[in-house]
Each structure stands twice: as structure tokens, then as C-alpha cells.
Amino acid sequence: MVRSLEKVDMDKIVSLCKRRGFIFQSSEIYGGLGSTWDYGPMGVELKRNVKDAWWRSVVWERDDMVGLDAAILMHPRVWKASGHLEGFVDPLVECSWCHRRFRADHLVAWDVYGVNRGSEWLLGQVADVDPPNNQPSQQVLYEITGLADKGGFGTSHYKISDRPIEELIMTGRLPCPVCRTLRTLSPPRNFNLMLKTFLGPVEDTASTVYMRPETAQGIFVNFQNVLTATRRKLPFGIAQIGKAFRNEITPGNFVFRTREFEQMEIEFFVKPGTDEEWHQRWVQERLQWYVKLGIRQENLRLRRHGKDELAHYAKDCYDIDYRFPWGWAELEGIANRTDFDLKAHSAESGLPLAYFDEETKEHVVPYVIEPSGGADRAALAFLIDAYDEEPDPGQKEIRTVLHLHPSIAPVKVAVLPLSRNERLVPTARQVYDTLRSRLRGLVQYDDAQSIGRRYRRQDEIGTPFCVTIDFQSLEDNAVTIRDRDTMAQVRVPIAELADALAKRLEGQDS
RNA sequence: GCGGGGGUAGCUCAGUGGUAGAGCUCCUGCCUUCCAAGCAGGUUGUCGCGGGUUCGAGUCCCGUCCCCCGCUCCA
């Protein structure tokens, strides 16, 4: 079974998602609403399975984790304390000539002075985006000072100094870092990435609240509650799955970046000093989760954030990236948030948020390791990685099949009578009824059209096993189990069918 | 926000001013044996939306929404 990424293009995925009921565009009959998507009957099963697998892995299978489900709407002061009100703002600068946009805080600017006989004068200004070395390039210097025409002279004649970016932009003498045009950069405009709404029926008197931009804060503000209620000792973690909202400037790539999305977040509280070790452990733990559920290792990578890339709360961060058809992109970030959040909420609320260490008889503010993944992104990655088109032996048709791990496949088993012949129906319905009650997960019944067509339909939604009832079944009380990946068939007595299927579905779990 | 491409049946798309189409899918019936099979039938459209020009608009004009690629960013 060779699955190459070249076969996957997003149009085919999007098309399959709609055709088979995985993902629909939201509000489609009204022309759609940008960046919002609805999960159909297959999609909701897939996404639930992904979330369940995550929950099982990080809560049920561990003894150092508990769960939580906090409200989406929280007190506005939460966002003041967390820094989102101030810091979750991208100051954007736009060049009116080339229409490129830059984050002002990613621009680095220098004044360039010429020096002659002890006096100095401003030759010009230079901007660059995330330069590798903290200096403007020689080429840029020549262009901005016009020295190239005069044959140029050495850098010893320059004096370079940093200045606040905003001030430089206002002077109009700072060129666009890409097209180098002068006087075209707009003043920085703040894009607050939080969605606002109003609490209370009358808009003018209602209070402004925010739709949470991350589920994490619900965990931090409940830290003391959980600690008291569960009598946990460090280290321990709190897991939460829930919707979050961000006014992304540029959403896109199907469900990859949307303004409403679902997070699977852990805040793992550890003693200061042990945080770096726990960080490494969680990075490996989380990476292996994707591998275990079937994502090919070569399509996954770890990427450590550069210092300049870190969020305002983070000391260190690794991304788990997946090789999407459009390139490497983040599935999950595992950050070391230090004691930033607990201390911030403690300061804002005036309440101590700390842990009493019985050994040292001291209060400590735990450090926090945060594995934070996107449920929608994970589901999409599983879908893409499972997608395959195989040549159909003997036929010219291609077989489209999702090689989904059984535990996340939307339909576990399909029950297919060989034909609609009425003699087959009672046995087929009986098998269907039994499997529905005995198996964990969705079981489908399909008797429409030829058996081959029905196999292909199930392949396309990634159903691991099909059970076929034929006329011989009426004689020997046995049915056929057909394997999605190999298309091989084995005959099993009906009495043993549920166990045989359960074994196959769970046997591939590890 | 800017540039480029696009929106016609469930899907992929054809249709450059004159009766809305094709392939696949889907549905019904027949078939005692297994991989989109065969035979016989059948359903499907606010041509993204709103205006305008015209005797007549899927087609031309204006506006608008949405999708894709790029610039940006994160889960």
C-alpha cells in the first residue's frame, strides 16, 4: 500500500468532505459565511472520535490528569490579566504601494547617519522584517543612502541606531522593507484578535464581554477550585476541549484556520525547576499520539520556536507540524508558559493562586506546560493522511479510500446483504441489530445497489470492516468480514461476529 | 485589505445574447453469490445573490457575497 502525498489535493478533499457528509460550508444556502464550516454526519463522528481519543489518552489513561469544561464567556478582567486585551493585538503596517502588510513589532528599523569631520547627519532610514543579523544589509544601505551611485564608501562612514518603529513610520522616511518605496507605510493599526459581544438584552447598557480566544484561561482561573476539589499534588494537569474564537486577519485553507475553532488543551502544573524536563516529556507524548493514530511519521515534524517568535507568556515552545498539501503547518503547540498566568491572575484578582508544598512547607506558584492542539486541524490532518487513490485491479476505475485508524473512523462496520432479496433481509437486519448494540461506534446498514458499489462507498468514508450476508449464510449461519485496506475476506460464524469485529477494531489500537 | 483565478445538477465540468446540458453519482425494479457488474426505468437546477441594458441574459454592465492561490498568522 503506497500512499503518496502527491495524490492529495485540497480540492479533492473538500469535494469528498461535502459529497460524503464530512464537512459543509456554513450557511451555504445564504452564500456561505467566511471561514465557518459545519461538520456533517460523517464529520461529526470523525471529530468526536478524535476528541475522544485525545481525552482517553490524556485523561483516562493517566493518573495525573483531570478534566474541565469552562464557559466560553468569562469575566472581562480575565483577558486583562492574561494580557490578551493588551497583547493579543497585532499592530499592522501596510504599504500603500505594494500592499504588503507587516506586523510593526516584526519590523526592525535603523537610522543611518553619515559621518564626516566629526559631524553627522541623517542619510535615511532602513526597515527590515526579522533580519537574520541585527543589521541592515549592505545592499539596503546603498539603496537608501544613494551611495551606490557615488561608488560607495565604507561602512565606517555610517552610524546606525535603533529607533522606535512607530516614530519612524510617522516621519514618512522609512521605506517599505520589501518594495523600498518611501512614504507608503501606514501608521500601525491595531487588530484585536478577540471577538466581542454583549451580555444583557439592551446593547447600550450591556457589558462588553469577549468570546474566549483560548480555552486555557478557563483552566487557570479554576486552578484553585480544581486543586481543592480533587486534592491533587504536583505535578498534575487539567484537560479541556472547547470552542475558541479569534478574529484572524486571514483565515483559510479549509478548516485549518477559522475564526471559530475547537481546542484540545492541557495545562500541566509542575514544580518550578522541573518544567523543562516535563516540557520534553509532553512534546514526545503528544507527538506519539498522532503517530499512534495513524499519521505517517514522515509527515510530522517538531519545530522549536525562535526566541523572537515566542508568545508573550512563553519561555519555550515546540510546534508539532503536519505536512499539509500546501506545506508544513502547525497542529499543536507545546509551550512552557512558566508561572505567568497564575501570577497574573493572582495579581489581578488579589487572591493567592498557589500550591502548598508539604515537603518544603512553602507556597509555590507552579510552572505550566501547555500542550495545545486544534481538534479541527487534527481531524483534517487525519483525513488528509488517510486519503488514498488506488488503481483498482482489473478495472480502470480508481479506488478512493480513507485508511483511517479504526478508532477514529466515522463508521466502524457496515452491514451489507448481498442483494435485496427478501430471504436475506431478516438475517441481515438481525446481524445489524446485534452489532449496533454490541459494538462501540456507528454501524451502518446499506442494501442499495450492487455490492461492489457499496464496498466503494464505505471505502470512501474509511469504514474499516464490511459484513456481507449471502445465501450461504442462511445455511451455515456465517457471514463474510471484508477488510478495507486489503479487501481480503474471511468467513465468521454469526455467533462470533461481534467479538471478532470488536477484537479487530480494538486490536489495532496499540 | 491588495493582486490573480473561480462560483451552472449531489460531484467534476461544458455552455460568448435565442428551448439549461454531459459524465459520474443518486433513486426504483429485476438478478442465488462479492469489489463503482448487467438489464430496464427515474429524480435532480433560485445558472452565488441583487440591480441594470435588451424583445430576450447562464452569457453583456454595475454592485455584493463566498471559495481557491499569494502577501500575514496561529490551534
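Protein chains get the first letters and strands the later ones, always in sequence-line order, with residue 1 at the start of each. Quick caveat, the model's predicted, so the values are computed rather than measured.
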Would a line drawn from the ring center of A:H279 to the ring center of A:Y318 be shorter than 6.0 Å? yes
For the C1' atoms, the ones on B:C47 and on B:C60, what distance do you get once it is rounded to whole angstrom? 16 Å
Would you mind classifying the nucleic acid contact of A:S372 as base, sugar-phosphate or nothing, using non-hydrogen atoms under 4.0 angstrom? sugar-phosphate
Answer with base, sugar-phosphate or nothing: what part of the nucleic acid does A:Q489 contact at a heavy-atom distance below 4.0 Å? base
Heavy atoms, side chains only, cut-off 4.5 Å: are A:I384 and A:Y322 in contact? yes
Pairwise P distance for B:A37 and B:G21, with rounding to whole Å: 26 Å
If you look at every strand shown and take non-hydrogen atoms under 4.0 Å, does A:E214 touch a base, only sugar-phosphate, or nothing? nothing
Taking only side-chain nitrogens and oxygens of A:Q449, does any of them come within less than 4.0 Å of OP1 or OP2 of B:C27? yes
Same-atom distance (P) from B:A14 to B:A9, integer angstrom: 12 Å
Nearest to the A:R377 side chain among B:C67, B:C74, B:C11, which nucleotide is it? B:C74
Quickly work out the A:R420 CZ to B:C31 P distance and round it to whole Å. 13 Å
Residue closer to the 5' end of RNA chain B, A:A448 versus A:T36 (nearest nucleotide): A:A448
Which of B:C68, B:U28, B:A75 is nearest the side chain of A:W37? It is B:C68
Whole-Å distance between B:C27 C1' and A:R457 CZ? 10 Å
In whole Å, what is the span from the CZ atom of A:R454 to the C1' atom of B:C27? 14 Å
Touch class at under 4.0 angstrom, heavy-atom based, for A:S419 against every strand present: nothing
Using a heavy-atom cut-off of under 4.0 Å over every strand shown, decide if A:T258 touches base, sugar-phosphate, or nothing. base
Taken to the nearest whole Å, CD1/A:I398 to C1'/B:C24 is 12 Å
Taking atom C1' in both B:U44 and B:U28, compute the distance separating them and give it to the nearest angstrom. 15 Å
Applying a 4.0 Å non-hydrogen cut-off, can you work out what A:F256 is touching in the nucleic acid: base, sugar-phosphate, or nothing? base
Between B:C73, B:U33, B:A37, which nucleotide gets closest to the side-chain atoms of A:R257? B:C73
d(CG, A:D11; C1', B:G7) in whole Å: 13 Å
With a non-hydrogen cut-off below 4.0 angstrom, is A:N253 in contact with a base, only sugar-phosphate, or nothing? sugar-phosphate
Pair partner, B:A14 [Watson-Crick or wobble, under 3.5 Å]: none
Taking N and O atoms by type only, does the side chain of A:R19 place a donor or acceptor under 3.5 Å from a partner on the base of B:C26? no
In Å, rounded to the nearest 0.5 Å, how long is the span from CD of A:Q263 to OG of A:S372? 4.5 Å
For B:G4 and B:G38, measure between their P atoms and round to the nearest Å. 47 Å
Row check, A:W278 ring normal vs A:R281 NZ/CZ: under 6.0 Å, within 45°: yes
Using atom types as modelled and distance alone, determine if a side-chain donor or acceptor of A:S473 lies under 3.5 Å from a backbone N or O of A:A478. yes
Salt bridge flag under 4.0 Å for residues A:R399 and A:E390: yes
Residue A:E330, side-chain atoms from C-beta onward, closest of B:A36, B:A37, B:C74: B:C74
5' precedence on RNA chain B between A:H305 and A:R20 (nearest-nucleotide basis): A:R20
Test A:D376 against every option in A:F254, A:Y39, A:F256 by the side-chain contact (heavy atoms from CB on, under 4.5 Å) rule and name the one that passes. A:Y39
Using the P atom on both, measure B:U43 against B:A22 and round to a whole Å. 12 Å
What does A:A378 touch in the nucleic acid at a heavy-atom separation under 4.0 angstrom: a base, only the sugar-phosphate, or nothing? nothing
Identify the nucleotide, in any strand shown, that forms a Watson-Crick or G-U wobble pair with B:C31, with both distances under 3.5 Å; if there is none, say none. none
Under 4.0 Å, counting only non-hydrogen atoms across every strand here, what does A:L416 touch: a base, just sugar-phosphate, or nothing? nothing
What is the distance, rounded to the nearest whole Å, between atom NZ of A:K18 and atom P of B:C68? 14 Å
Which base, if any, makes a Watson-Crick or G-U wobble pair with B:C71, both distances under 3.5 Å? B:G1
In Watson-Crick or G-U wobble terms, with both distances under 3.5 Å, the base opposite B:U53 is none
How long is the line joining OH of A:Y455 and P of B:C35, in whole Å? 8 Å
In whole angstrom, give me the gap between the C1' atoms of B:C66 and B:G50. 15 Å
Any side-chain heavy atom of A:I238 within less than 4.5 Å of one from A:I266? no
Partner of A:P410 by side-chain contact (heavy atoms from CB on, under 4.5 Å), out of A:L442, A:T463, A:L404: A:L404
From the list B:U33, B:A75, B:C34, which nucleotide is the closest neighbour of the side chain of A:R246? B:A75
Between A:Q25 and B:C66, is there a side-chain N or O to OP1/OP2 distance below 4.0 Å? no
Under 3.5 Å, is there an N or O donor on one side and an acceptor on the other linking the side chain of A:R482 and the base of B:C35? yes
Please report the distance, rounded to the nearest Å, between CZ in A:R337 and C1' in B:A75. 12 Å
When we call it a touch if two heavy atoms are under 4.0 Å apart, what does A:Q458 touch: a base, just sugar-phosphate, or nothing? nothing
For the base of B:C34, is there a side-chain donor-acceptor partner from A:D470 under 3.5 Å away? yes
Between B:A20 and B:G56, how far apart are the C1' atoms? Round to whole Å, please. 15 Å
Using the six-membered ring for Trp and the full ring for Phe, Tyr or His, decide whether A:F261 stacks on the six-membered base ring of B:A75 (centres under 5.5 Å, planes under 30°). yes
